[in-house]
Structure formats: C-alpha cells, structure tokens
Amino acid sequence: MQPDQVGHEVTGWLERRLPAGWFAGPPEVAVDGEEILVVGVLPDPGGDPLPRVEQFREETREQRMRLAAELQRRWRRKVSWGVDCGGERLLFTTLSIPVMTRLRLAERRVLDTLIDAGVARSRSDALAWCVRLVGTHQGDWIRELQAALVAVRKVRSQGPDP
C-alpha cells in the first residue's frame with residue numbers, strides 16, 4: 001500500500017480513536033515506508049510553549065503508546081508523535097533511517113566543506129543538512145512533484161495488471 005493511501009487510512013482511523021480535546025483540530029499525518037508521524041496542534045499558551053508541550057506529552061504518554069502499538073500492528077510502520085504549539089513544532093520521537101548513497105569526488109567535497117566549516121559534524125550530518133536545505137528552498141517544487149506522483153500512481157492503478 002502506498003504511503004499516501006496509508007496516510008489517508010491512518011487519518012480516518014485516528015479520527016475515530018483520538019480522545020476529544022487532545023488537539024485543536026484533526027492531526028497532520030505524514031507517512032513513508034518506515035514511519036507514521038502524527039502531529040497535532042495544541043492551543044497557543046500565550047507564552048513559552050514548552051511547559052504546555054511537556055504537560056501534554058506526560059499526560060497522554062500511555063494513551064499515545066497504546067494507539068501507536070495498534071497503528072504499528074496494523075500498518076507495519078513505527079509511529080512518532082509531535083505537536084505544533086505557539087508557532088513551534090516539537091517532535092517527541094522520530095526515526096532516523098540510514099540511507100546508503102554513492103557520491104563522486106565533487107559531491108564528497110561539498111560534504112567535506114560543510115564539515116570543515118563547522119556546519120556539520122560528519123558526512124551524514126552534512127548530507128542531512130543538504131536535504132533539509134533543498135526541502136526548505138524547493139518546498140513548492142517538492143510538493144508539486146509529490147502531487148504528480150500521486151496522480152501517476154492513480155493512473156497506474158487503473159491500468160491493466162502486468
């Protein structure tokens with residue numbers, strides 16, 4: 001099952017199970033092949049959001065763990081939680097998945113320059129920094145590409161079976 005389809009199903013599943021009042025509206029659900037990330041909005045506390053976030057995290061821990069266990073069994077992906085509060089996004093637990101890549105000398109030099117400049121501690125950190133930078137500065141393009149992929153999957157699913 002494709003991540004966008006899982007995300008839609010998980011959103012509906014959560015709507016039926018999340019306790020009323022947890023979030024100020026339905027949570028945002030992001031899915032890939034390994035993880036389901038659920039992020040809800042907490043009401044703005046009007047000051048430092050951290051105490052409100054910590055309170056929510058502690059008060060909901062057992063219920064979130066039970067929901068996560070059910071989600072993990074059903075969709076075979078790890079579940080992570082987070083909140084948006086007071087203009088800040090705070091993630092409680094998220095996966096960090098190793099990714100293998102092959103880089104040529106010129107590409108490795110880019111990563112090594114980031115390390116030498118103190119931007120990153122390692123090539124892994126440097127590569128993650130580059131990915132975040134592209135995501136930030138090319139966000140609209142990435143979103144258009146993701147939407148196009150959804151359309152491609154839909155067309156493929158309507159075609160003949162191989």
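Since the structure is predicted, the reported quantities are computational estimates derived from the model, not experimental observations.
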I'd like to know if V39 and V79 are part of one continuous hydrophobic network [Ile/Leu/Val/Met/Phe/Trp/Tyr, side-chain heavy atoms within less than 4.5 Å]. no

Show your reasoning for whether salt bridge (charged side-chain N to carboxylate O under 4.0 Å, His left out) applies to R104 and E107. CA-CA 5 Å; R104 302 210 183 278; E107 296 157 336; 5.7 Å; no

Heavy atoms only: give me the nearest F23-G40 pair and the separation to one decimal. CD2-CA, 3.3 Å

To the nearest 0.5 Å, atom CG of L103 lies from atom CZ of R109 at 13.5 Å

Here the pair of heavy atoms bringing C85 nearest to V53 is CB-CG2, 3.8 Å

Euclidean distance, L149 CG relative to K154 NZ, rounded to 0.5 Å: 15.0 Å

CZ/R153: more than 12 non-hydrogen atoms of other groups inside 6.0 Å: yes

Could you grab the distance from atom CH2 of W13 to atom CD of E70, nearest 0.5 Å is fine? 4.0 Å

Between I36 and V29, does the side chain to side chain contact (heavy atoms under 4.5 Å, CB included) criterion hold? Intermediate values first, please. CA-CA 7 Å; I36 297 169; V29 176; 4.1 Å; yes

Between the CG atom in L14 and the CG atom in L67, the distance rounded to the nearest 0.5 Å is 7.0 Å

Taking side chain to side chain donor-acceptor pair (under 3.5 Å) as the criterion, tell me which of R61, Q63, Q55, R57 meets it with E59. Q55

Evaluate side chain to side chain contact (heavy atoms under 4.5 Å, CB included) for L111 paired with S124, printing each intermediate quantity in order. CA-CA 9 Å; L111 300 182; S124 177; over 6 Å; no

Atom CG in L37, atom CZ in R77: separation rounded to 0.5 Å? 13.0 Å

Do R121 and I115 pass the side chain to side chain contact (heavy atoms under 4.5 Å, CB included) test, and can you show the C-alpha distance, the side-chain angles, and the key distance before you say yes or no? CA-CA 6 Å; R121 294 181 314 236; I115 295 165; over 6 Å; no

Distance-minimising heavy-atom pair for V31 and V6: CG1-CG1, 3.9 Å

The residue among R143, Q138, H137 that forms side chain to side chain donor-acceptor pair (under 3.5 Å) with D140 is R143

Test item: P27 and T11 side chains (from C-beta on) under 4.5 Å apart, heavy atoms: no

L133 and V119: same hydrophobic cluster, using ILVMFWY side-chain contacts below 4.5 Å? yes

Around atom CZ of R76, are there more than 12 heavy atoms of other residues, nucleotides or ligands at under 6.0 Å? no

Taking every heavy atom of E35 against every heavy atom of T93, the minimum-distance pair comes out as OE2-O, 4.4 Å

Classify the angle between the aromatic ring planes of F92 and F56 as parallel (below 30°), tilted (30 to 60°) or perpendicular (above 60°). tilted

Spacing of CD belonging to E54 relative to CG belonging to D48, to within rounding of 0.5 Å: 10.0 Å

Looking only at heavy atoms, what is the nearest atom pair of L42 and W22, with distance? CD2-O, 3.5 Å

Evaluation steps, side chain to side chain contact (heavy atoms under 4.5 Å, CB included), between K78 and Q72: CA-CA 6 Å; K78 294 292 184 186; Q72 287 172 186; 4.0 Å; yes

For E62, does the CD atom sit with more than 12 other heavy atoms under 6.0 Å from it, leaving out its own atoms? no

Closest approach of P49 to P45 (non-hydrogen atoms, all atoms of both residues): CA-CG, 3.7 Å

